[in-house]
Protein chains: 2
Amino acid sequence: MIQQQPKSSLSVGVFDSGVGGLTVMREMTKLVPHENIVYFGDTARVPYGGKSVETIIRYSIENAIFLLGHNIKILVVACNTASSCAIDKLQQIFNIPVIGTIIPAAEKAIAITKNQKIAVLGTRATISSGVFQNAIKAQLPKAEVTEIACPLFVPLVEECLIEHSATKLIIKEYLAVLQKKEIDTLILGCTHYPLLRSLIAQELHKDVQIVDSAVTCAQEIKKLMENHQMQNRQSHIPEYKYFVSDDPEKFCKLGHFFLGMAINHVQAVKL
Amino acid sequence: MIQQQPKSSLSVGVFDSGVGGLTVMREMTKLVPHENIVYFGDTARVPYGGKSVETIIRYSIENAIFLLGHNIKILVVACNTASSCAIDKLQQIFNIPVIGTIIPAAEKAIAITKNQKIAVLGTRATISSGVFQNAIKAQLPKAEVTEIACPLFVPLVEECLIEHSATKLIIKEYLAVLQKKEIDTLILGCTHYPLLRSLIAQELHKDVQIVDSAVTCAQEIKKLMENHQMQNRQSHIPEYKYFVSDDPEKFCKLGHFFLGMAINHVQAVKL
């Protein structure tokens, strides 16, 4: 008789369109440090932010199926674009908990805003979906939510132009609409954006609170695992596995910058 | 008995990773104005410029197979990235003439340079391939070729930031290396770059000649068709068909800007 592997020792599966989701994984290594993680970056089809809902759903399902082949206990959609377009579909189809980035970030913003004036930065697909707006207004019907699509942030971050004057100019332009909005809370609604946090903060009033959707997603994972006794044992030394749909070497170099630690043994797969 | 369609009345098939190839099509509508064109933009997997050679070859073959299903007499790879990585493979596999963007642009530069100091701007994949360098040095072994990867040009152009100060800053930075090179010729080695031509020219000495790979590609198509009597009849009113792997509406809006005329009836296909 084959003994079933206890659920708590299974891995957490995480996918993103590329390296952005490593900012979620970075937080997971701090908050749930005993968990094995299988990360998939869909680098052959990155970026998702300008693509249609149908295409994003199709890619998300394919990514999820790949991760489910690696014996996972939770599926983390570490990409706001995929979370905003595909999370309902993934939750309908698959029989394990699916955690995205949208709801935890929206709930954090709802909890901390005082004047109910909230800004959301995201890719074009995330902003068009209106998911942040809907999630916030479901609990705060009078909230004034300013959603801003920032399509150039991903390429700028991927090119490591984190402190560049061109990046500053583009941030200034995207955020100009906020000048008269008196927001007290801003959501970084893309897992690439934490790398621009300090430059974005410079354009905001010093009292504006920034919600990092990578951090709130990792907090949600921790909470879910605690509530359902899904944590791995405290003595476990975690294993991290990385898969990409294109060039592993480029992923290692760039990913290091997002994850904050070295990435080894990345395997290329075709989806 | 079914009469075979005369070869000259068949269409010209053109593919690009997205809208960039429409700058080639734009020149084709001037130089071979009686030809039917079937254009395929791989907008679900755009951009190609940062992807691996293997992935670019795979996508190019899939795109070519799609176009071959539309009864074409010539295949045009209207993308420098795909041309630089996949043209040999496409020419090996398929039994119709395959024209890319690299050789015609390199030959034009070879023909017009006087001091043999030539610069090439392209995506990271095009520059890494070294194809421009090799093509030029094969005929001018002493040429000094400065190749510059400009990975942010495509997203900036796709966001229509054609005259933006951030774009100017990035152009200045990419081209800084040319200050002491005394080049007399510069190749725009990506079909998105013609839209930045005037801003790029501002960073160059006024005597530098710019080779637009979209123009030289269209000239090569014309020459090939003349040499092999493949032209459609002069009285023919051309038909243009457009296919994309993602959101047709976005392609129409953005493509209009590249093609210089309205785009109608775009069909979405899954590859």
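Every chain is numbered from 1, with letters handed out A, B, ... down the list of sequences.
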Do the side chains of B:Lys270 and A:Glu54 get nearer than 4.5 Å, heavy atoms only? no
Determine whether A:Leu152 and B:Leu161 make a side-chain contact, defined as any pair of heavy atoms from C-beta on separated by less than 4.5 Å. yes
Relative to chain A, which segment of B:Thr43 carries a heavy atom at a distance below 4.5 Å: side chain, backbone, both, or neither? backbone
Please state whether the side chain, the backbone, both or neither of B:Lys168 comes within less than 4.5 Å of a heavy atom of chain A. neither
Top contributor to chain B contacts, counting heavy-atom pairs under 4.5 Å, from A:Thr167, A:Val46, A:Asp247: A:Val46
Between B:His164 and A:Ile170, what is the shortest heavy-atom contact and its length? CE1-CG1, 4.4 Å
Which atoms of B:Glu249 approach chain A - backbone, side chain, both or neither, heavy atom under 4.5 Å: neither
Heavy atoms only: give me the nearest A:Ala44-B:Thr55 pair and the separation to one decimal. CB-CG2, 4.1 Å
Any idea which heavy atoms bring A:Glu159 and B:Pro151 closest together, and the distance? OE1-CG, 3.1 Å
Looking at A:Leu169 and B:Ala166, what are the two nearest heavy atoms and their distance? CD1-N, 3.7 Å
Within the structure provided, determine whether A:Pro155 and B:Pro47 are in side-chain contact (heavy-atom separation under 4.5 Å). no
Nearest-0.5 Å distance, NZ of residue B:Lys51 to OG of residue A:Ser245: 8.0 Å
Using 0.5 Å steps for rounding, measure from the NZ atom of A:Lys250 to the OG atom of B:Ser52. 9.5 Å
Heavy-atom contact with chain B under 4.5 Å, split by part of A:Glu158: neither
At what distance, to the nearest 0.5 angstrom, does OH of A:Tyr59 lie from CG of B:Asp246? 7.0 Å
Verify the neighbour count for atom CG of A:Asn264: are there more than 12 heavy atoms of other residues, nucleotides or ligands below 6.0 Å? yes
